Amino acid sequence: MKLKVNGKEAYFTTSGREINKDQPTIVFVHGSGLTHVTWVLQTRYFAFHGYNTIAVDLPGHGDSEGPPLTTIEEMADWIAELLNVLEIKKASYVGHSQGCLVGLEFAHRHSNKLELLALINGSLSMKMNPELLQLALDKNHKAVDLMMDWVHGPLGQVGGHPVPGLSHIGMGNQLVSANNNGTLGIDFGACDQYENGEKAASSITQPTLCIIGKHDRMTPKKVGIELASKINNSQQVIIEDSGHMSILETASETKNLLKTFFKENS
């Protein structure tokens, strides 16, 4: 589905369902260099179980018109404006990786629009390795290769994809490569520059779920636990077999954790 947000064409998917204003809404926001495709195994469940699901392509990603937004704050405001355009007064928010930073800032800046918050493989800040950042800014494909190796845990490294014959790393490489026209570097730069995480986290009062991958090397377990500790009314769950890509590596377990969280707080 496409519509204009701040004068630019924005794409999001509702898993083939019409938006029903009488149902609760969940917005899903992807990580650096990724798109709405990463959420396909979670959004479809919620879309067919009483929720509006809005899985976005941030500006300059996937099928959304660019240019990419350069700060986490701009991304948070863009989500708020998307809800305004859709005439949705309040929504729950689910974010992965960079999407967690956007979620923190969205909750801080637009608290009146937020129902529930779920942060998957997140942290209060995401300072980037300078070499990786520069490779991404240079649009060097090595940045994608390094990223794919770094974000996948044991399941992603050896296979583990729910569809036989497919590879987590191979599919991730293709997905990020499609955005490696400068978008990945801009995303990494936005993460690297974001400094409001702790203040934003401490301002959140809505029920919050933090999902943490035990083998996460991008946002290690200790920083995920630190994130959860800064948010009042939060709970944390560690997925034993997951790296940074919990939404794909352990897709069913992640979906079930989200399912329980939303059911308990509905």
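Note that these values count all heavy atoms, side chains included, but never hydrogens, waters or copies made by symmetry. Computed from a predicted structure; not experimentally measured.
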Exercise. Using a distance-only test with no angle check, is there a side-chain donor-acceptor pair under 3.5 angstrom linking T53 and Q42?
Worked result: no
Exercise. Among the clusters formed by ILVMFWY side chains lying less than 4.5 Å apart, do V102 and I204 turn up in the same one?
Worked result: yes
Exercise. Can you tell me if NZ on K222 sees more than 12 non-hydrogen neighbours from other groups inside 6.0 Å?
Worked result: no
Exercise. E115 pairs by side-chain contact (heavy atoms from CB on, under 4.5 Å) with which of S92, S266, P207, P24?
Worked result: S92
Problem set entry | Backbone of R17 reached by a side-chain donor or acceptor of S15 within 3.5 Å | no
Exercise. Hey, what do you get for OG1 (T38) to CG (L248), rounding to the nearest 0.5 Å?
Worked result: 6.0 Å
Exercise. Just one of I231, T219, V94 clears the side-chain contact (heavy atoms from CB on, under 4.5 Å) bar with L119, so which one?
Worked result: I231
Problem set entry | Test log, rule side-chain contact (heavy atoms from CB on, under 4.5 Å), inputs K230 and L124 | CA-CA 9 Å; K230 298 295 182 180; L124 295 168; 3.8 Å; yes
Exercise. Would you say the side chains of N121 and S97 form a donor-acceptor pair under 3.5 Å?
Worked result: no
Seminar exercise, completed: Smallest heavy-atom separation, F46 atom then K259 atom, equals CZ-N, 3.6 Å
Exercise. Are D57 and S64 close enough that a side-chain donor and a side-chain acceptor fall under 3.5 Å?
Worked result: no
Exercise. Are any of the side-chain heavy atoms of E249 and D241 separated by less than 4.5 Å?
Worked result: no
For this session: State, yes or no, whether a side-chain contact exists between M245 and L34 at a heavy-atom distance under 4.5 Å.
Result: yes
Problem set entry | Enclosure of E131 CD (heavy-atom neighbours >12, cutoff 6.0 Å) | no
Problem set entry | Candidate list Y93, W39, F12, test ring pair (Phe, Tyr, Trp, His ring centres under 6.0 Å), partner F28, passing option | W39
Problem set entry | Side chain to side chain, W78 and V56, heavy atoms closer than 4.5 Å | yes
Problem set entry | Donor-acceptor side-chain pairing of T71 and E74 below 3.5 angstrom | yes
Exercise. So do L257 and I239 actually touch side chain to side chain, heavy atoms under 4.5 Å?
Worked result: yes
For this session: Taking atom types as modelled, find out whether S202 and E198 have a side-chain donor-acceptor pair closer than 3.5 angstrom.
Result: no
Seminar exercise, completed: All heavy atoms of A107 vs all of L117, minimum pair found to be CB-CD2, 4.4 Å
For this session: Report the C-alpha distance between Y11 and H36 in whole Å, list the side-chain angles of each, state the deciding distance to 0.1 Å, and finish with yes or no for ring pair (Phe, Tyr, Trp, His ring centres under 6.0 Å).
Result: CA-CA 9 Å; Y11 179 85; H36 73 278; 5.2 Å; yes
Problem set entry | Student check: side-chain heavy atoms of L133 and D192 closer than 4.5 Å | yes
For this session: Start with the C-alpha distance between L41 and I247, add both sets of side-chain angles, then the distance that settles side-chain contact (heavy atoms from CB on, under 4.5 Å), and finish with yes or no.
Result: CA-CA 8 Å; L41 296 175; I247 55 177; over 6 Å; no
Exercise. Any side-chain heavy atom of V29 sitting closer than 4.5 Å to one from F106?
Worked result: no
Exercise. How long is the gap from CG on L69 to CD1 on I186, to the nearest 0.5 Å?
Worked result: 9.0 Å
For this session: Answer yes if the side chains of N196 and E105 hold a donor-acceptor pair under 3.5 Å, and no otherwise.
Result: yes
Problem set entry | Donor-acceptor contact present, side-chain T183 to main-chain G60, <3.5 Å | yes
Problem set entry | Side chain to side chain, L83 and V85, heavy atoms closer than 4.5 Å | no
For this session: State yes or no: do I211 and L116 share one hydrophobic cluster built from I, L, V, M, F, W and Y residues joined by side-chain heavy-atom distances below 4.5 Å, directly or via other members?
Result: yes
For this session: Look up atom CD in E9 and atom CD in E65, then write down how far apart they are to the nearest 0.5 Å.
Result: 6.5 Å
For this session: State, to 0.1 Å, how close R109 and A76 come at their nearest heavy-atom pair, and which atoms those are.
Result: CD-CB, 4.4 Å
Problem set entry | Verdict with reasoning, Q235 to T208, per side-chain contact (heavy atoms from CB on, under 4.5 Å) | CA-CA 6 Å; Q235 58 178 290; T208 300; over 6 Å; no
Exercise. Looking at CD1 of I54 and CG of N52, how far apart are the two atoms once the value is rounded to the nearest 0.5 Å?
Worked result: 6.5 Å
Problem set entry | Salt bridge present between K221 and D216 (N-O < 4.0 angstrom) | no
Exercise. Taking all atoms of both residues into account, what is the closest heavy-atom pair of L101 and Y194, and its distance?
Worked result: CD2-CD2, 3.9 Å
Seminar exercise, completed: What one should report as the nearest heavy-atom pair of C100 and G122 is SG-CA, 3.6 Å
Problem set entry | Spacing of NZ belonging to K139 relative to NE2 belonging to H141, to within rounding of 0.5 Å | 15.5 Å
For this session: Determine, stepwise, if the pair T14 / I19 fulfils side-chain contact (heavy atoms from CB on, under 4.5 Å).
Result: CA-CA 7 Å; T14 60; I19 293 177; 4.1 Å; yes
Exercise. Atom CD of E18 and atom CD of Q23: how far apart are they, to the nearest 0.5 Å?
Worked result: 11.5 Å
Exercise. Does a sphere of radius 6.0 Å around CD in E81 hold more than 12 heavy atoms from other residues, nucleotides or ligands, not counting ones at 6.0 Å or beyond?
Worked result: yes
Exercise. Between S246 and T254, which heavy-atom pair has the shortest distance, and what is it?
Worked result: O-OG1, 2.9 Å
Problem set entry | Verify same cluster id: M128, I72 (apolar side-chain graph, 4.5 Å) | no
For this session: I would like to know whether H96 and H30 meet ring pair (Phe, Tyr, Trp, His ring centres under 6.0 Å); could you show each step before the answer?
Result: CA-CA 5 Å; H96 171 252; H30 58 77; 9.5 Å; no
For this session: Flag yes if more than 12 heavy atoms outside R44 fall under 6.0 Å of its CZ atom; otherwise flag no.
Result: no
Problem set entry | Pairwise side-chain contact, L58 with Q98, heavy-atom cut-off 4.5 Å (strictly under) | yes
Exercise. With distance as the sole criterion, is a donor-acceptor pair present between the side chains of K113 and N84 under 3.5 Å?
Worked result: yes
Exercise. Judged by modelled atom types alone, do H108 and S203 share a side-chain donor-acceptor pair under 3.5 Å?
Worked result: yes
Exercise. Given the rule that I, L, V, M, F, W and Y join up when any side-chain heavy atoms are under 4.5 Å apart, are I212 and I120 in one cluster?
Worked result: no
Problem set entry | Neighbour count >12 (heavy atoms, 6.0 Å) for atom NZ, K127 | yes
Exercise. Do D187 and H61 have side-chain N/O donor and acceptor atoms under 3.5 Å apart?
Worked result: yes
Problem set entry | N140 side chain vs A136 backbone, donor-acceptor pair below 3.5 Å | no
Problem set entry | Neighbour count above 12 (heavy atom, 6.0 Å) for K263 NZ | no
Problem set entry | V5 with I88, same ILVMFWY side-chain cluster at under 4.5 Å | yes
